[in-house]
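Everything below concerns the one structure shown next.
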Amino acid sequence: MDEQKVYEILSVVEEIPSGKVATYGQIARLTGQPNQARLVGRILSRADHYGDYPCHRVVNHAGRLVPGWSSQKSLLEAEGVPMKSDTHVAINSCKWES
DNA sequence: GTCATGACTGAAG
DNA sequence: GCTTCAGCCATGA
């Protein structure tokens with residue numbers, strides 16, 4: 001894995017303002033590769049290997065939270081992100097527009 | 001080298 | 001809302 005790409009993605013994640021969320025596909029597009037959403041997810045799952053980033057502000061295209069990551073909901077609520085349900089954020093209200 | 005897996009996406013039922 | 005199917009690609013066995 002090219003670290004250049006990793007930091008490029010992480011730097012975008014870092015720009016997500018508090019109270020907003022972004023999707024994997026959106027980040028992939030911002031880094032110039034619309035078909036690499038999966039890579040973004042991979043990198044974030046191992047983000048601790050590269051540094052500390054607000055990866056909880058990144059959700060899938062439907063606003064669904066990461067399965068098995070129980071603390072993500074709490075982290076988002078703490079930043080004022082509106083929750084639609086236990087497993088989804090109100091993506092329509094807090095979607096990050098760059 | 002091959003195969004299965006996964007924090008994804010979009011279309012379709 | 002849900003699942004299934006078909007693309008995408010890096011990682012680990």
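Keep in mind that the numbers below use all heavy atoms, side chains included, and drop hydrogens, waters and symmetry copies. Order of the sequence lines fixes the chain letters, A, B, ..., with proteins taken first and strands second; residue numbering starts at 1 for each chain.
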What side-chain hydrogen bond (donor to acceptor under 3.5 Å, both in side chains) pairs are there with at least one residue in residues 7-24 of chain A, not counting sequence neighbours?
-> none
Please identify each residue that fulfils side-chain hydrogen bond (donor to acceptor under 3.5 Å, both in side chains) with K73(A), with sequence neighbours left out.
-> E77(A)
Quick one, give me the B/S/- string for nucleotides 4-13 of chain C, reading 5' to 3', where B means a protein heavy atom under 4.0 Å from the base and S means that only happens at the primed atoms, P, OP1 or OP2.
-> ---BBSSSS-
Whole-Å distance between dC8(B) P and H88(A) NE2?
-> 12 Å
Please report, rounded to the nearest Å, how far the C1' atom of dC8(B) is from the CZ atom of R29(A).
-> 11 Å
Whole-Å gap separating C1' (dT9(B)) and NZ (K95(A)) | 12 Å
Which parts of residues 56-87 of chain A get close to DNA chain B, meaning a heavy atom less than 4.0 angstrom away?
-> N60(A), H61(A), V66(A), W69(A)
Considering all heavy atoms, the nearest A28(A)-Q36(A) contact = CB-C, 3.9 Å
Out of I27(A), V6(A), V12(A), which residue meets the side chain to side chain contact (heavy atoms under 4.5 Å, CB included) rule with V40(A)?
-> I27(A)
Heavy atoms, side chains only, cut-off 4.5 Å: are M83(A) and L65(A) in contact?
-> yes
Which pairs, with at least one residue in residues 49-61 of chain A and sequence neighbours excluded, count as a side-chain hydrogen bond (donor to acceptor under 3.5 Å, both in side chains)?
-> H56(A)-E79(A), R57(A)-E79(A)
Return the stems involving DNA chain B, sorted by first number, where pairs are Watson-Crick (N1-N3 with N6-O4 or O6-N4) or G-U wobble (N1-O2 and O6-N3), both under 3.5 Å, and runs are 3 or more long.
-> B:2-6 with C:9-13, B:8-13 with C:2-7
V58(A) side chain reached by V21(A) side chain, heavy atoms, under 4.5 Å | no
If you measure from the P atom in dG7(C) to the same atom in dA7(B), how many Å do you get, rounded?
-> 22 Å
Main-chain N/O of W96(A) paired with Q26(A) side-chain donor or acceptor, under 3.5 Å | yes
Student check: side-chain heavy atoms of V89(A) and P82(A) closer than 4.5 Å = no
Taking side chain as C-beta onward, heavy atoms only, is L10(A) less than 4.5 Å from L44(A)?
-> yes
